[in-house]
Visitor: 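Structure provided below as structure tokens; questions to follow.
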Amino acid sequence: MTIRKNWLEWTVFAVGLALVLGIVGYLVILAVRHEDRPPRLGIHVGAASRTEDVEPPHYVVPVTVTNHGDRSVGDVHVEVTLVRDGAPIERTELTLPEVPRRSSRAGASTLQSDPAPGQLRARVLGYSEP
């Protein structure tokens, strides 16, 4: 006695096989094309917002660090400087515990002075490679 498969069983088999082969093919392509580029960090400084819930009021500046490289970094130290007429007025630092490869992490820094657009500068002071 032979058991014949119906069209639904063949369809499920074909879809499952296609998914498995697609995933295996994708992983093979990733392994072959993997580059080991060093970390390359970019910084984006967002618009500052004033907080009224503490005395004295201060300004919260969102900072996003993006790692465009293929290696993760840890203990990323970022400096945010408020500049007026070319002279630094106020400086703060923040540390992000990790920025994985090809991803972003966000944090915030606080200032006591009101920063107008174009007056904030940010740079990475250093990081470690785990």
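These numbers were taken from a predicted model, which means no experiment stands behind them.
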Visitor: Minimum heavy-atom separation for Leu96 and Ala106, please, with both atom names.
Guide: CD2-O, 3.8 Å

Visitor: Find the distance between CZ (Arg102) and OG1 (Thr66) and round it off to the nearest 0.5 Å.
Guide: 13.5 Å

Visitor: Could you measure the distance from the CG atom of Asp70 to the CZ atom of Arg40? Nearest 0.5 Å is fine.
Guide: 10.0 Å

Visitor: Which value, rounded to the nearest 0.5 Å, describes the distance between Ser103 atom OG and His68 atom NE2?
Guide: 10.5 Å

Visitor: In a table with atom names and distances, give each donor-acceptor pair under 3.5 Å that connects a side chain of residues 111-118 to protein atoms at least two apart or in another chain.
Guide:
unit_1, atom_1, unit_2, atom_2, d
Ser113, OG, Glu90, OE1, 3.2

Visitor: With side chains defined as the heavy atoms from C-beta onward, is the minimum distance between Arg71 and Val73 less than 4.5 Å?
Guide: no

Visitor: If the condition is side-chain contact (heavy atoms from CB on, under 4.5 Å), which residues does Asp85 pass it with, not counting sequence neighbours?
Guide: none

Visitor: Checking Thr110 side chain against Val60 main chain: does a donor-acceptor pair fall under 3.5 Å?
Guide: no

Visitor: For Gly74, does its backbone N or O pair with a side-chain atom of Ser128 as donor and acceptor, under 3.5 Å?
Guide: yes

Visitor: Give the minimum heavy-atom separation between Gly107 and Leu94, together with the two atoms involved.
Guide: CA-CD1, 4.3 Å

Visitor: First locate atom OG1 of Thr64, then atom NE2 of His44, and finally report the distance between them rounded to the nearest 0.5 Å.
Guide: 6.0 Å

Visitor: Quick one: name the residues clustered hydrophobically with Phe13, using the 4.5 Å side-chain heavy-atom rule over I, L, V, M, F, W, Y, and just say none if it's on its own.
Guide: Trp10, Leu17, Leu21

Visitor: Do you reckon Val83 sits in the same ILVMFWY cluster as Leu120, going by side-chain contacts under 4.5 Å, direct or chained?
Guide: no

Visitor: Please name the pair of heavy atoms, one in Gly69 and one in Arg101, separated by the smallest distance, quoted to 0.1 Å.
Guide: O-CB, 3.5 Å

Visitor: When rounded to the nearest 0.5 angstrom, what distance separates CG in Asp75 from OH in Tyr127?
Guide: 12.5 Å

Visitor: Looking at Val45 and Ala122, what are the two nearest heavy atoms and their distance?
Guide: CG2-CB, 3.5 Å

Visitor: For Glu98, is there an ion pair with Arg105 - N to carboxylate O distance below 4.0 angstrom?
Guide: no

Visitor: What is the distance from atom OG1 of Thr81 to atom CZ of Arg91, rounded to the nearest 0.5 Å?
Guide: 6.5 Å

Visitor: Using atom types as modelled and distance alone, determine if a side-chain donor or acceptor of Thr95 lies under 3.5 Å from a backbone N or O of His77.
Guide: no

